Amino acid sequence: MLRAEIREEDPLQSTTEHTSINVIFFDTLAKDFSQSVKQGDIVLLANFTISKSPTFLRDKLHPCQLEMDNKDACVYVCPSAIPGPSSSEAKYVYVPLNKLKSKTLVNVYGVVTFFKQPFPSKGSDYCTTLKITDQSDVKVICTIFCKKLEDHPLIFRVGDIIRLHRFKAEAFRDSITLINTFGWSTVTFNGIIDSPIVPRTSSKSFFYGEADKRRVQELRQWAANQSLCSDLNTSLSSVQPHMYFDFTCQLLAKAVMHSGCILLKVWDGTRCQLPLLQVAVPPDELEGECTLAKDKMNLTANVLVYDNHLEVARDLKPGAFLRFYNLRALLQKVPGQLPDQPEHLGFHLHGGTVYGRGLRSLPAETPDLLSLKSVLEKHVDLDEHEEVNDGTLLEIWYTPPESIGAEENAGPAYTVQTCEHNTQRITLAQVKRSTPPLSCHVRARVKKYLPQQLYQCLKLFCSKCKTMKDVPDDSAVANIFLESARDNQPCDEQWAATSSANSREPGRTISMHVSKDMVGKSSHMQLIFIEGMTLDEISVLSRDHKNLVPVRSENSKMTRMDLTAPFLFSGKKRYYGCKQCSRNTFENPVFTGVETWDEQAVAAVLGVQMMQYRFLIQFELDDVTDTIEALLWEDAERFFHISAVDASGCQDLQDRIQTIMDTIQPPESSLEERPWMDFCLSVYTVKDNDRNKVCYQITNTEIVKQ
DNA sequence: GTTTAGGGTTAG
């Protein structure tokens, strides 16, 4: 038994849907038919019977089949005018590119090193120019003139392998060029080693056999070691401003901007690192899908196509896979944009074909598209959200991408806004475009924060002169005490009761002074002035004494220590004064009338302008549309639910801040893994060298108690 | 059995 598949000779004249049908031959007829027929031959069948095709569902051919089981059944085989592969292979001889002779007719194989999409020549035809090379390492320019665009070779990228039949070799400017001539044909193959060898051609008939496969394999192998292949790895996520690059993508939508410009909205499934240009198009002028959700996620590239490329762009259908060649990435200002705001990345396919500039659609099944398709498939969940009404779209627009379709991320996880602002949440890109002053709500993740050493986020701030400084480290403070204690002679003040003792080190005397008014009061009520102690000693002593004021003597008069050191030790807390705003020294302090000594009272008596403890953290926030640097400053204590001064003397509280920061930005985590947080942002301007600088501060935002 | 192009960045 033998099965043959035959097709209607002229499908256009066929009135039925199925133009191919199975024929079953039996016995001698099967054997004879097998020996005399070649693919492409015309057959004439008579006296068959018609039965249901059992393979209809599987092979999608005609639901019936023809069975040649009748004793009168016969078949005539008419050899086709098109020669079969077996007879044609020997006819083609391929000339190496270094052996081309002028004025000869040749067939060649080569690897494409450069090519241009077909462009209109000044004559009657479209022209394709390309450059090829082979193992001889000679490069030859080829020119193909042909009236019909669809008959031009299907070259997708540098590295493709092309076979040229019936080309004329000509000398031009000291080198040989190839031009198509009568009866010409071209076949191309992709240059990827070990990928299936599938001929691409628009020729009506072409010969292709085992010898061709071998030749393609040889050239692929050779080319792989020559680094001829163009870089097709530029994705939207890696594109940089001012680049020229080849870009493989899918067309989402298109719109005619004016007679000289078509907008193509495309994506490759990766997110651009820079904000992408948004081009406003009225919905009824946009052909294809609404890209709002993808725009929002910085996934949609807007390509403006001009001049000679309009012809190709006009015929493209949304959903098509495209490759742009030598596309230009440019930073552009949005109309009405303020000078300080970031520019947006747009893409231009300007006129001309230099460096191969152009675009073409790629057949959906080409192996060139495998990686693109696999990236796009990861975004399938997005599409469902685009078939929704405007209200939902608006919501998606204002929702960070990862929370789309993920219920568990829908609500704020770690922060809550405590303000009364009734503003709709906006994107960071919109924040940057806004005009200060302004309060707004955003949802973002923490990309980075400073200082990374969290103890450095504790600052000293003078509310009078607005000076801010770091908390001095222990070694600096210890040095001040050490210097002061050296060769110190205890001071002698009339108002103080003094007791002194020798330290273990020779020459250092430790003294303690208490106001005579306070003698006999319990120790926690007392204000004790200490002299000649080291930092360690004061620290030990301060465990049991609430108010220790370190002093030194100058000409037997009691003087404050340098204000780099704390002016007061109280339990584990240390209080600092502002060098600029404090009085130089204190004389005859008045201690009467003070019932309880706290840091305020001590500062007042000593003439010290006390510095406040504050938290200061700079966050880099990211919500995909943009990033901004926002300070956590005035509302930092509310944010953490921790007082800065308490944290200054308490390791547990410092650890709690570290824990919160590790939740917001888990160590070693990628941005995508970090929690979304809701922030109230205050946008304001600050004079900076006579220029107005826009600043962002996190206000009215608190960590949710876990 | 003619001609075209014969690579090398627009300027929106």
Side-chain angles (χ1 to χ4, degrees), chain A residues 97 100 102-105 110-133 138-149 151-153 155 157-160 162 164-186 228 230-231 234 239-247 255-264 277 279-281 302-310 313 324-335 343-359:
Chain A
L97 296 177
L100 294 174
S102 184
K103 294 177 184 159
T104 58
L105 203 64
V111 183
V112 176
T113 62
F114 170 80
F115 68 105
K116 285 182 179 187
Q117 298 302 319
F119 58 93
S121 72
K122 291 196 178 75
S124 59
D125 299 340
Y126 283 101
C127 175
T128 293
T129 63
L130 62 144
K131 194 181 255 180
I132 60 171
T133 186
V138 168
K139 289 195 173 72
V140 176
I141 289 173
C142 313
T143 311
I144 294 152
F145 293 107
C146 180
K147 279 190 175 53
K148 291 182 182 170
L149 268 180
D151 291 343
H152 280 256
I155 306 170
R157 60 171 292 179
V158 166
D160 279 351
I162 190 163
L164 307 176
H165 276 181
R166 297 197 189 92
F167 273 60
K168 188 170 63 182
E170 271 185 0
F172 177 76
R173 285 192 198 157
D174 302 330
S175 55
I176 294 283
T177 61
L178 291 166
I179 303 157
N180 60 327
T181 177
F182 306 99
W184 66 281
S185 76
T186 68
L228 300 165
S230 60
D231 179 20
T234 308
V239 69
Q240 295 297 318
H242 307 297
M243 252 174 108
Y244 290 100
F245 66 112
D246 290 351
F247 184 44
V256 175
M257 303 302 285
H258 54 81
S259 65
C261 179
I262 290 179
L263 168 71
L264 298 179
L277 182 73
V279 182
V281 181
N302 285 289
V303 183
L304 295 165
V305 176
Y306 298 98
D307 303 325
N308 51 313
H309 310 297
L310 292 173
F324 291 92
Y325 303 95
N326 195 32
L327 184 63
R328 178 76 153 147
L330 281 175
L331 281 178
Q332 290 182 267
K333 283 210 185 300
V334 181
E343 296 182 302
H344 293 66
L345 203 57
F347 301 91
H348 292 236
L349 197 68
H350 294 294
T353 59
V354 283
Y355 279 102
R357 181 187 299 138
L359 80 162

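Values reported hereafter were calculated over all heavy atoms of this structure, with side chains retained and with hydrogens, waters and symmetry mates removed. Letters go in sequence order (proteins before strands), and every chain restarts at 1. The model shown is predicted, which means the values in this text are computed figures rather than measured ones.
- Evaluation of A/Y244 against the base of B/dT9 yields a stacking contact (centre distance < 5.5 Å, interplanar angle < 30°).
- Using a 5.5 Å limit on the distance between ring centres and a 30° limit on the angle between planes, the aromatic ring of A/Y306 counts as stacked on the six-membered base ring of B/dG12.
- Residues of residues 114-121 of chain A that place a heavy atom closer than 4.0 Å to DNA chain B, in numerical order, are A/F114, A/K116, A/F119, A/S121.
- Under 3.5 Å, the side chain of A/H258 and the base of B/dG12 form no donor-acceptor pair of N or O atoms.
- Put simply, the side chain of A/T129 and the base of B/dG6 share no donor and acceptor less than 3.5 Å apart.
- Using cut-offs of 30° and 60° for the angle between ring planes, the A/F245 and A/F347 rings count as perpendicular.
- Listed by first and then second residue, the salt bridge (charged side-chain N to carboxylate O under 4.0 Å, His left out) pairs involving residues 344-357 of chain A amount to none (not counting sequence neighbours).
- Rounded to whole Å, the distance from CD1 on A/I179 to P on B/dG7 is 12 Å.
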Could you list the donor-acceptor pairs under 3.5 angstrom formed between side-chain atoms of residues 118-127 of chain A and any protein atom two or more places apart in sequence or on another chain?
{"unit_1": "A/S121", "atom_1": "OG", "unit_2": "A/G123", "atom_2": "N", "d": "3.1"}
{"unit_1": "A/S121", "atom_1": "OG", "unit_2": "A/D125", "atom_2": "O", "d": "2.7"}
{"unit_1": "A/S124", "atom_1": "OG", "unit_2": "A/K147", "atom_2": "NZ", "d": "3.4"}
{"unit_1": "A/D125", "atom_1": "OD1", "unit_2": "A/K147", "atom_2": "NZ", "d": "3.3"}
{"unit_1": "A/Y126", "atom_1": "OH", "unit_2": "A/E311", "atom_2": "OE1", "d": "3.2"}
{"unit_1": "A/Y126", "atom_1": "OH", "unit_2": "A/E311", "atom_2": "OE2", "d": "2.5"}

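- For the pair A/Y355 OH and B/dT10 C1', the computed distance is 14 Å after rounding to whole Å.
- Counting to the nearest Å, the P atom of B/dA11 and the CG atom of A/L349 are 12 Å from each other.
- A heavy-atom distance below 4.5 Å is not found between the side chains of A/I162 and A/F115.
- Although no hydrogens or angles enter the test, the distance criterion places a donor-acceptor pair under 3.5 Å between the side chain of A/N326 and the main chain of A/V354.
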